[in-house]
2 protein chains.
Amino acid sequence: MTSDKHIDQSGPPTMQDVAKLAGVSQPTVSRVLNNTKTTIPVSKKTRDKVLVAVKELGYRPNMTARSLRTQRTHMISLLVADITNNFYHLIAQAIQEVARAHDYDMLIANSDHVYENEKRFCEAVIRRPVDGVIMVPQYLTYGDLDELITLTNTPITVLGQHINHPAIDVVGADDEQATFEAITWLIAERGHKSIGYIGVALDYPPSPRRWQGFQRALKTAGLTFDPDFYMQGDWSFESGRQAINRLLKIGKRPSAIFALNDLMAIGAILALQDAGLSVPDDVAIMGFDNMREATIVRPRLTTIAQYPTEIGQKVAEALFDRIEGREPDARRELTVPLKLIVRESA
Amino acid sequence: MTSDKHIDQSGPPTMQDVAKLAGVSQPTVSRVLNNTKTTIPVSKKTRDKVLVAVKELGYRPNMTARSLRTQRTHMISLLVADITNNFYHLIAQAIQEVARAHDYDMLIANSDHVYENEKRFCEAVIRRPVDGVIMVPQYLTYGDLDELITLTNTPITVLGQHINHPAIDVVGADDEQATFEAITWLIAERGHKSIGYIGVALDYPPSPRRWQGFQRALKTAGLTFDPDFYMQGDWSFESGRQAINRLLKIGKRPSAIFALNDLMAIGAILALQDAGLSVPDDVAIMGFDNMREATIVRPRLTTIAQYPTEIGQKVAEALFDRIEGREPDARRELTVPLKLIVRESA
DNA sequence: TTGTATGCGTTATCAT
DNA sequence: ATGATAACGCATACAA
């Protein structure tokens with residue numbers, strides 16, 4: 001259709017094409033292109049000839065070939081646990097911004113919380129090497145990660161803190177302490193003595209930490225936990241709703257409930273309201289994450305805020321430190337803040 | 001630490017290493033590995049020797065080298081307009097599932113609705129070729145895409161329908177008709193005669209189509225549109241809120257408002273409620289998308305549902321048709337359904 | 001059935 | 001300051 005330029009015989013122009021047009025050798029083209037700043041000797045005259053030819057042909061370097069030669073890809077990989085979760089989007093967005101600033105592309109994958117997909121991701125990294133990896137592993141073992149590192153020699157940074165490997169920086173939050181403080185506030189400032197808990201299976205990394213913080217707060221306040229008020233969900237909105245529906249059948253209820261994430265907390269609020277109960281008067285609800293929906297639900301959700309943008313930035317910068325050779329002396333464990341946001345639900 | 005296996009002298013094992021260990025030539029290894037199904041003559045004996053060596057060394061093919069040689073990457077790229085938008089997540093998830101089934105990796109990028117980032121994405125595709133591209137272009141011109149195609153010869157599939165290029169399949173929805181039907185329902189079934197509109201700039205692809213459907217419904221019903229009831233937002237929650245706040249200052253208001261997406265619709269609901277008005281009694285609200293938040297807000301949002309998972313599947317399958325050589329005779333324009341979901345807000 | 005030779009598009013090490 | 005030449009890891013045409 002629009003063939004107003006040259007006839008491309010086969011595929012994009014290569015350095016050979018540029019070299020021929022400029023009347024120089026192919027390595028010379030390479031030198032010109034790779035030393036816009038680092039002053040490697042190349043005469044002003046040839047440099048100009050080359051640059052003209054580059055522009056004329058619309059030449060772009062082929063990254064695949066470059067990668068094969070340099071063993072660097074200028075790509076990083078990100079593995080998240082749930083691509084539909086807003087929390088990870090903001091993290092991904094922040095990471096991508098940092099990557100972009102370093103002129104890196106980002107490959108993103110999604111494990112859907114299943115081990116097989118996590119392994120598959122590692123496999124992909126081994127077969128298509130990247131310069132750095134950021135991940136939120138759920139089930140990957142120390143051994144899995146160690147194998148990945150020894151095989152690829154790729155810098156890895158991890159979100160969450162259950163990995164203790166000398167070559168892996170970790171960015172996480174102090175869930176235990178934040179939960180402790182939030183529950184303590186619920187007891188001291190709001191006067192609750194009977195507090196329920198909507199958790200998730202303990203093999204999700206943050207689960208045991210938050211559970212410990214919760215228990216510590218109760219113990220410190222001299223309260224006991226009624227096991228009937230332990231409900232288990234799976235992070236989903238619907239599971240929060242179902243937890244409440246099960247609770248309402250047992251003939252007693254706590255005066256407040258702490259849910260491990262906002263989605264379950266909101267499901268709980270809606271289920272309570274559907275049952276004719278008032279939040280927070282009959283039951284107060286506290287969540288975790290501070291996702292956008294927390295200000296949409298009524299009453300607005302009181303929750304422990306994470307700062308995904310900050311998390312993403314930190315984790316990406318830690319990664320680029322290693323990628324660009326600024327290796328830390330030892331494994332770093334960075335902590336990002338958490339903060340209780342008091343709204344109307346508790 | 002865990003060096004229970006062989007000493008890796010430098011990087012991952014290559015076909016050479018496998019060949020040496022198996023006592024065969026490197027091309028033989030290649031043949032064995034690439035013809036598990038296509039019966040290319042290779043003796044059972046050597047095949048076994050090779051496979052043992054492969055397992056022994058933990059050999060994995062290097063995709064970079066393979067790509068350079070075959071000119072295929074087994075990767076597709078996805079460009080979305082807003083990585084924080086739930087709508088795109090579900091699309092991305094569906095696409096990734098299809099890609100996974102075809103044993104492809106997926107590279108995802110995010111334009112944030114800005115032209116420069118869209119161009120940058122094209123640039124990335126040119127420099128790091130992929131086997132297929134799916135995108136939601138906002139500003140890219142026919143020329144931009146045509147250049148991309150002639151330069152890379154890569155199959156492209158587009159979400160939304162403003163691109164009319166012979167080599168580009170398009171998957172979209174019939175926004176105009178769906179909007180027409182929804183507004184007609186608002187008029188006929190709910191008796192509204194004065195309907196406001198929260199739109200976005202017309203250079204967002206779906207914007208003019210929905211605007212036309214809206215106007216056609218009014219005209220068909222013999223109603224006129226009061227220009228004072230045209231409000232402009234930018235897709236965001238906050239802009240819906242602000243639109244209402246501006247509206248409330250002009251001393252008159254419509255009995256219903258149609259917003260171009262759920263986020264703005266929800267912002268509108270909350271702003272109206274904050275002003276002491278009732279939804280839907282004082283003002284009815286209708287949205288577009290049926291995102292998760294639509295069932296969280298109270299009253300629940302009446303909205304036009306898109307089916308992102310289905311969209312993602314269709315667009316991915318259309319792409320793989322081309323990638324795998326099942327070229328359609330002509331440009332295909334696939335339409336996915338839209339459906340009015342009636343809840344309480346209108 | 002298998003081995004030899006070549007090339008994908010770069011970068012890097014030699015020379016000159 | 002620049003041009004040959006080799007190498008990255010793999011796939012394939014050709015020879016044997």
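Every chain is numbered from 1 and lettered A, B, ... according to where its sequence line falls, protein lines coming before strand lines.
No contact: A/Arg72 has no heavy atom under 4.0 Å from any strand. If you check every strand for non-hydrogen atoms under 4.0 Å, B/Gln16 touches nothing. At the heavy-atom level, A/Thr70 lies under 4.0 Å from the strands shown only through sugar-phosphate atoms. Within the nucleic acid shown, A/Ser43 comes within 4.0 Å of sugar-phosphate atoms alone, with no base atom in reach, counting heavy atoms only. Counting any heavy atom pair closer than 4.0 Å across all strands shown, B/Thr46 reaches sugar-phosphate atoms only and no base atom.
Here the nucleotide nearest the side chain of B/Arg69, chosen from D/dC8, C/dG3, D/dA11, is D/dA11. Each of D/dA11, C/dT10, D/dC8 was ranked by its minimum atom distance to the side chain of B/Gln26; first place goes to D/dA11. For A/Ala65, the listed nucleotide lying nearest its side chain is C/dT10; candidates were D/dC10, C/dT10, D/dT5. The side chain of A/Ser30 sits closest to C/dT11 out of D/dT2, C/dT11, C/dT4. Closest to the side chain of A/Arg31, from the set D/dT2, D/dC10, C/dG3, is D/dT2. Comparing C/dT4, C/dG7, C/dG9 by their closest approach to the side chain of B/Leu68 singles out C/dG9.
A rotation axis mapping the C1' atoms of four pairs onto the next four is fitted at both ends of the helix from C/dT1-D/dA16 to C/dT16-D/dA1 over five pairs, and the angle between these axes is 50° to 10 degrees.
A salt bridge links B/Arg120 and A/Asp103; the closest N-O separation between the charged side-chain nitrogens and carboxylate oxygens is under 4.0 Å. Checked for salt-bridge contact, A/Glu116 and B/Arg100 miss the test: no charged N lies under 4.0 Å from a carboxylate O.
Checking the phosphate oxygens (OP1, OP2) of D/dC8, no side-chain nitrogen or oxygen of B/Asn62 falls inside 4.0 Å.
One can place CD of A/Gln71 at 18 Å from P of C/dG9, the figure rounded to the nearest angstrom.
The 12-atom threshold is not exceeded at CG of B/Asn153, counting heavy atoms of other residues, nucleotides or ligands nearer than 6.0 Å.
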